[in-house]
**Q** 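Following this message is one structure expressed as structure tokens.
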Amino acid sequence: MARNRQFVNHKTTIRHDWKTEEVMALFALPFSDLLFRAQTTHRESFPEGEVQLSTLLSIKTGGCAENCSYCPQSAHFDTGINASKLMPTEEILKHAQQAKEAGASRFCMGAAWRSPKDRDIPQLAEIITGVKNMGLETCMTLGMLSGDQAHALKDAGLDYYNHNIDTSEEFYSEIITTRSFKDRIDTLENVRNSGMKVCCGGIVGMGESVEDRAKMLITLANLPKHPESVPINRLVKVEGTPLEHTKEVDIFDFIRTIAVARIVMPCSYVRLSAGREDMSEEAQALCFMAGANSIFYGEKLLTTPNPIQNRDMELFAKLGIKPSQSESTSHHIEQTEREEALA
Ligand code: SAM
Ligand code: DTB
Ligand code: SF4
């Protein structure tokens with residue numbers, strides 16, 4: 001057995017040594033073969049027909065110093081979004097309560113920051129405590145974090161930190177120039193070292209090649225530990241952003257990316273993330289068959305629309321899908337622990 005392979009159960013191998021050719025070969029499989037393989041992998045690690053629900057809230061909107069070409073919240077582009085300050089804690093907790101009542105298991109809070117200021121940490125800690133007290137898992141995405149900031153958020157009780165690599169290292173500079181790919185990896189390392197769970201994925205449909213998608217997934221899968229959550233976003237083309245007129249990604253290529261993410265990170269939650277608002281029910285069903293087992297749930301992402309809750313519940317009923325409890329209560333975590341024990 002290769003040293004960097006660990007068997008987590010009789011069937012599932014967690015690998016951190018994926019090569020470009022291998023992953024490109026997965027992308028090149030006939031669609032049905034790829035989906036069959038992804039679904040088979042999925043069933044080795046997860047119960048059938050369960051999808052985890054995370055609700056998003058933008059707690060600090062717009063006016064961001066970064067120039068991410070896809071993002072409506074960058075101060076570099078005129079998208080009609082006004083910059084606002086960090087939302088008062090009470091208002092955030094009201095949104096969290098609504099998310100809980102609607103059936104979400106995790107509440108994800110996003111801030112349009114390059115990185116948080118140390119002076120923001122006490123209020124962020126208060127928010128984390130309030131949301132956790134409702135029995136929700138907590139996630140934040142606040143930009144780059146220093147090691148000390150990551151520890152402070154962990155100490156406050158934050159369960160997950162979302163920080164996406166967005167695309168391949170090679171394509172990254174076409175999309176963002178105000179911070180580097182390495183900056184992103186450094187933050188992920190700080191988050192991992194703090195003991196928080198990592199939520200990290202990217203965007204499909206920014207004009208990247210299939211090889212860029214393969215390399216993005218390889219970067220994630222070859223991290224020392226797979227991110228517990230892997231959001232796969234389909235670009236939401238927002239007026240005023242440089243990517244507004246990007247050619248639409250073929251839906252089967254999007255689904256292929258979900259399937260390959262499932263195969264290379266067999267025990268991670270793969271989230272069918274932004275881009276569901278105008279996605280057909282059939283395409284979403286194929287994403288679930290390809291191994292997606294988490295969604296953003298609620299009528300808004302950060303600033304753009306998402307399907308209303310009833311629509312998602314109707315689709316789940318048609319497909320026989322049930323919302324899963326928090327990730328921490330699923331048997332996937334036992335596997336993660338086993339992985340750690342074997343490491
Ligand atoms: N400012 C923080 C950061 O960039 O890390 C947190 C918020 S940022 C909006 C979180 C992620 O949302 C981005 O990394 C990107 O992957 C995703 N995102 C933003 N705008 C998007 C869009 N128009 N379509 C799809 N995904 C998008
Ligand atoms: C992620 O991967 N996607 C979410 C969340 N993490 C923070 C954000 C999607 C944002 C889509 C554009 C918007 O609504 O502003
Ligand atoms: Fe700022 Fe995050 Fe948007 Fe980039 S993705 S412009 S860092 S809010």
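We count ligands from 1, going down the list as the structure has it; atoms in each ligand are counted the same way. Just so it is clear, the structure is predicted and the values come from calculations on it, not from any experiment.
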**Q** Can you tell which of Cys64, Ala111, Pro231 gets a heavy atom nearest to atom 1 (N) of ligand 1?
**A** Ala111
**Q** Between His163 and ligand 1, which residue portion shows a heavy-atom distance shorter than 4.0 Å: side chain, backbone, both, or neither?
**A** side chain
**Q** Looking only at protein heavy atoms, which one is nearest to atom 1 (Fe) of ligand 3, and what is the separation?
**A** Cys64 SG, 2.3 Å
**Q** Against heavy atoms of Arg179, which atoms of ligand 3 measure under 4.0 Å?
**A** 4 (Fe), 7 (S)
**Q** Which is closest to atom 8 (S) of ligand 3 in terms of heavy atoms, Ala112, Cys68, Gly110?
**A**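 Checking each option, the heavy atom nearest atom 8 (S) of ligand 3 is found in Ala112.
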**Q** Provide, to 0.1 Å, the distance between atom 3 (N) of ligand 2 and the closest protein heavy atom, together with that atom's residue and name.
**A** Asn233 OD1, 3.0 Å
**Q** Less than 4.0 Å from atom 24 (N) of ligand 1, is there any heavy atom belonging to the protein?
**A**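 Yes; the ligand atom in question has protein heavy-atom contact below 4.0 Å.
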**Q** For atom 11 (C) of ligand 2, tell me which residue out of Thr79, Leu57, Thr304 has the closest non-hydrogen atom.
**A**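 The residue whose heavy atom sits nearest atom 11 (C) of ligand 2 is Thr304.
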**Q** Donor-acceptor check, side chain of Thr187 to backbone of Arg184, threshold 3.5 angstrom: yes or no?
**A** no
**Q** Answer yes or no: does an N/O atom from Thr141 fall short of 3.5 Å to an N/O atom of ligand 2?
**A** no
**Q** Between Arg271 and Phe296, is NZ or CZ placed under 6.0 angstrom from the six-membered ring centre and within 45° of the ring axis?
**A** yes
**Q** For Met109, which part has a heavy atom under 4.0 Å from ligand 1: side chain, backbone, both, or neither?
**A** neither
**Q** Quick one: nearest non-hydrogen protein atom to atom 3 (Fe) of ligand 3, plus distance?
**A**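 Result: Cys71 SG, 2.3 Å.
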**Q** For atom 15 (C) of ligand 1, which candidate among Asp166, Leu235, Leu243, Ile175 provides the closest heavy atom?
**A** Asp166
